[in-house]
Amino acid sequence: MWKTESKVNLRELGNTGLKLSSVGFGASPLGNVFGPVSEQDAIASVRRAFHLGINFFDTSPYYGGTLSETMLGKSLKALEVPRNEYIVSTKCGRYADGFDFSAERVTKSIDESLARLQLDYVDILQCHDIEFGNLDQIVSETIPALQKLKEVGKIRHIGITGLPLEVFTYVLDRVPPGTVDVILSYCHYSVNDTTLEDLLPYLKSKGVGVISASPLAMGLLTHNGPPEWHPASPELKSACKDAANYCKEKGKNISKLAMQFSLSNRGISSVLVGMNSVRQKIGCCGQVEENVAAAVELAIFGMDVGILREVEAILEPVKNQTWPSGIQ
Ligand code: NAD
């Protein structure tokens, strides 16, 4: 067994008492969401991430139709470290066959998730993409069901996730204080979209922890570009491609810039990035090492403000542009 070297710093998550690594491991790629990932690569990625100080791992029964949870479970078990050395969040209410936020389904769902993850409890259970459900049902039925799961020790904290930011205030304004511990927002705090920033003071006032996912805008801010299914408009895709090409010409890595931009906001506890590769040999790029290096370099040298301003200028025409999500 090897020891962890604490290279990524830890940040408090709201009032939960949890300390999450500022870089979180998004396990959706382990469900083959961005292309095939072998079991061997999944285990190696989780192992390397943990070794470099990443203690937070996020998944969902929806990712790869439960495959992500199964792969993450195998990978965490292979670490052979005490359970309290890592923090796991999964989700409920969104499945390969559709949405179901009923108390009955989410109560059954956690048992299935725990079996796939090979765990006795998860640190956070989040209602997944609540804009696709009835928000009043989330408030009056789903969250109370999750509170019961908390009482019996299957989950430690309750969260909600979604794309439109209004869903968070809708729910948080209607539940007793301290009921929802965490929100997970995605694609709203990166170089091209910073709309989450306006919500941070409200979330802080409620003691709600903030996880910001998809710092690379689900592949838009990478040199390989987004997957086929990416919902952004052609205009947004094209502007991000221009920004990536510009960085490449200047010898800069747009993914590193995007990671560092998201990590710079201390109101965010963990920046969840989807990772599925480790460095196999010298000269070969591993996403786990690259994303950790981005955090370590940020702490030592700060942001490369020059290239950031140039990229922001390229993305200005599409600034804060998003896409529809949920019941229209
Ligand atoms: P992301 O922005 O993290 O991008 C992931 C893509 O970038 C993958 O193709 C990955 O291979 C690639 N990548 C990662 N590091 C890279 C690097 N250094 N250089 C080049 N490419 C790199 O998007 P994501 O994976 O969708 O989001 C991260 C995680 O956040 C998810 O895995 C999931 O756990 C969580 N998430 C949750 C929700 C939700 O609850 N509704 C939504 C989105 C994401």
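Counting begins at 1 with the first residue of the sequence. Counting starts at 1 for both ligands and their atoms, in listed order.
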Side chain of Y121, backbone of L119: donor and acceptor closer than 3.5 Å? no
Below 4.0 angstrom from a heavy atom of [X], which ligand 1 atoms are there? Numbered from 1 as shown, please.
X    : answer
G26  : 29 (C), 31 (C), 32 (O), 34 (O)
L184 : 37 (C), 38 (C), 39 (C), 40 (O)
G219 : 4 (O)
S255 : 17 (C), 19 (N), 20 (C)
D58  : 33 (C), 34 (O), 35 (C)

What is the ring orientation for Y63 with H128, classed by angle as parallel under 30°, tilted 30 to 60°, or perpendicular over 60°? perpendicular
When the ring planes of Y189 and F261 are compared, do they come out parallel, tilted or perpendicular, using 30° and 60° as the limits? parallel
From K256 atom NZ to E297 atom CD, the distance as rounded to the nearest 0.5 Å: 3.5 Å
If you round to the nearest 0.5 Å, how far is CG of D123 from CG of D58? 11.5 Å
Checking contacts here: is it the side chain or the backbone of [X] that comes within 4.0 Å of ligand 1, counting heavy atoms only? Could be both or neither.
X    : result
A27  : backbone
M275 : neither
L163 : neither
S60  : neither

In terms of its nearest heavy atom to atom 16 (C) of ligand 1, the top option of T222, V33, T161, L216 is L216
Are S102 and E141 packed together at the side-chain level, in the sense that at least one heavy-atom pair is separated by less than 4.5 angstrom? yes
Are S233 and W323 packed together at the side-chain level, in the sense that at least one heavy-atom pair is separated by less than 4.5 angstrom? no
Do ligand 1 and [X] have nitrogen or oxygen atoms that lie under 3.5 Å from each other?
X    : result
F34  : no
M218 : yes
P29  : no

Tell me the protein heavy atom at minimum distance from [atom], and give that distance in Å.
atom                    : result
atom 17 (C) of ligand 1 : E290 OE1, 3.7 Å
atom 27 (O) of ligand 1 : S214 OG, 3.1 Å
atom 10 (C) of ligand 1 : G274 O, 3.3 Å
atom 41 (N) of ligand 1 : D129 OD1, 2.6 Å
atom 12 (C) of ligand 1 : Q287 NE2, 3.8 Å
atom 30 (O) of ligand 1 : A213 CB, 3.2 Å
atom 38 (C) of ligand 1 : Y63 OH, 3.4 Å
atom 32 (O) of ligand 1 : S28 OG, 2.7 Å

Residues K150 and D181 bridged, charged N to O under 4.0 Å: yes
Are R309 and E312 ion-paired here, with the side-chain N under 4.0 Å from a carboxylate O? yes
Hey, is K91 one of the residues with a heavy atom under 4.0 angstrom from ligand 1? yes
If two hydrophobic side chains count as joined below 4.5 Å and joins carry through other members, does [X] share a cluster with [Y]?
X    : Y    : result
V152 : L114 : no
L117 : I43  : no
I327 : I160 : no

Relative to F101, does R105 satisfy both conditions: NZ or CZ under 6.0 angstrom from the six-membered ring centre, and within 45 degrees of the ring's axis? no
